[in-house]
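To find a chain, count down the sequence lines: A is the first, B the second, and so on, and within it residues start at 1.
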2 protein chains.
Amino acid sequence: MARKIDEDKIARIKEATMQTIVEKGMESTTIAMIAKNANVSGGYLYRIYAGKQDLINELYHDKVNSLYKELESLVLLNQTSIKPLIKSFIKNRITYFLNEPNASKFFYQLLHNENFFASDEIKHKSADLILKIKNIGVASGEISKDTTVYQLHYHILVYAVDYINFTRKNIFEEQEVTINDVDKLTENILNILK
Amino acid sequence: MARKIDEDKIARIKEATMQTIVEKGMESTTIAMIAKNANVSGGYLYRIYAGKQDLINELYHDKVNSLYKELESLVLLNQTSIKPLIKSFIKNRITYFLNEPNASKFFYQLLHNENFFASDEIKHKSADLILKIKNIGVASGEISKDTTVYQLHYHILVYAVDYINFTRKNIFEEQEVTINDVDKLTENILNILK
DNA sequence: TTTAAATGAATGAATATTTATTCATAAATT
DNA sequence: AATTTATGAATAAATATTCATTCATTTAAA
């Protein structure tokens, strides 16, 4: 046996990647910067990831998967009304943003980047979940049956994430988003889908 | 006199820049790609722009400026109600998206990119416009006086642009956005701000 | 209980590759 | 012919990736 893998290094690389990309932007982020911020040698990354793209991809897909898992369990828990489902989902997004701003903004940036797209598996899952939510909402009278899948997809999965994270170009100095926004955002979505 | 500048070349460079970035993403777009797609020599760009960043910057700021000019004149035209103002603004965004998808998506991508941010001048203009709109809306009863500037800014300037352009990861094959969405989007915004 | 050999982790300087930028030259226009 | 536009191969600069080497830990023979 030889020495053990320092698991903390991997965690540090992940955190440094997200932080650097959020601070400097994708284009300006280099492997050298990430390694430096993670306090890890330049070549270490390549022991774990095939390269820069691979590293970012994995972080992104991890997050996408966990998001869908979360939504899946929320659907299972709320079979008669979409309001608690949406409210919980938004509450989690705001909590995540407040607790892990780098991870939250990292995901938000990739969501709007051409180079990162969902796998076919995720697309299927997503379509499936959206339809399940639609059925629940239509049955309970919370969603108009004319609401399109695109409208549903955007307003359930994207709208709140966008609203919460759109702070970079902030014109006003105040703290923009707090946990108090959960109710208002939930109400907005329910109004739109009605 | 010597030969004339081929103005068309500059237009081609602009179009190729937007198209390439929309298709390949910022990180993967190179000067060589842009020049090739524009049918222009590699070095030609540098006769007009100081470099890649300068080129992209100029395109972005042109668009931001024209957007604010448009909104400014809409505010002047609608001093008693915000509904027609918002409706016109959204109609223009959808028309733009349908007629010039590359330009529309290019702008949308930069809007969500850390490396591009509004100048102080634009920030001031923006703050000023948002407050003017708020005053009109509060006076007419269309906007609750509790609505924050952040809410106003996001829902007037970002929400519709995002909704319209969020098509890349499309799960369903259909054409997502059409001119028929103007009314629904307007109604959504007015409901949220009320 | 030492000691040393084996193993895999980790490093970072060297290399390869990619990509922006320059500039000597050619082409077009007056 | 004079002048400016335009080219694209050459160059410079930046950055990703490799890999020979070092280091830490474990195992087991002496």
Atom pair distance, as rounded to whole Å: [atom1] in [X] and [atom2] in [N]:
| X | N | atom1 | atom2 | result |
| --- | --- | --- | --- | --- |
| Lys24(A) | dT15(D) | NZ | C1' | 16 Å |
| Ile31(A) | dA16(D) | CD1 | P | 6 Å |
| Tyr46(A) | dA16(D) | OH | P | 6 Å |
| Arg47(A) | dT18(D) | CZ | P | 13 Å |
| Gln53(B) | dA13(D) | CD | C1' | 16 Å |
| Ile10(A) | dA9(C) | CD1 | C1' | 11 Å |
| Ile34(A) | dT15(D) | CD1 | C1' | 12 Å |
| Leu45(B) | dA20(C) | CG | C1' | 11 Å |

Looking at CD1 of Ile192(B) and OG of Ser144(B), how far apart are the two atoms once the value is rounded to the nearest 0.5 Å?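 Reported value, rounded in 0.5 Å steps: 13.0 Å.
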Rounded to the nearest 0.5 Å, what separation is found between the NZ atom of Lys105(B) and the CD atom of Glu100(B)?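 One finds 14.0 Å between NZ of Lys105(B) and CD of Glu100(B).
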Minimum heavy-atom distance between Gln79(B) and Ile136(B), given as atom pair plus value: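 Smallest interatomic distance, heavy atoms only, reads O-CG2, 3.5 Å.
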In plain terms, say whether Glu72(A) and Lys132(A) are close enough for a salt bridge, that is, a side-chain N and a carboxylate O under 4.0 Å apart.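 No, this pair does not count.
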Position toward the 5' end of DNA chain D (nearest nucleotide), Ser41(B) or Ala50(A):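 Final value for this comparison: Ser41(B).
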Assuming nearest nucleotide by heavy-atom distance, tell me which of Tyr44(A) and Ala32(A) is located more 5' along DNA chain D.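 The answer here is Ala32(A).
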When the nearest nucleotide of DNA chain C is assigned to Glu27(B) and to Val40(A) on a heavy-atom basis, which residue is associated with the more 5' position?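 In this pair, the answer is Val40(A).
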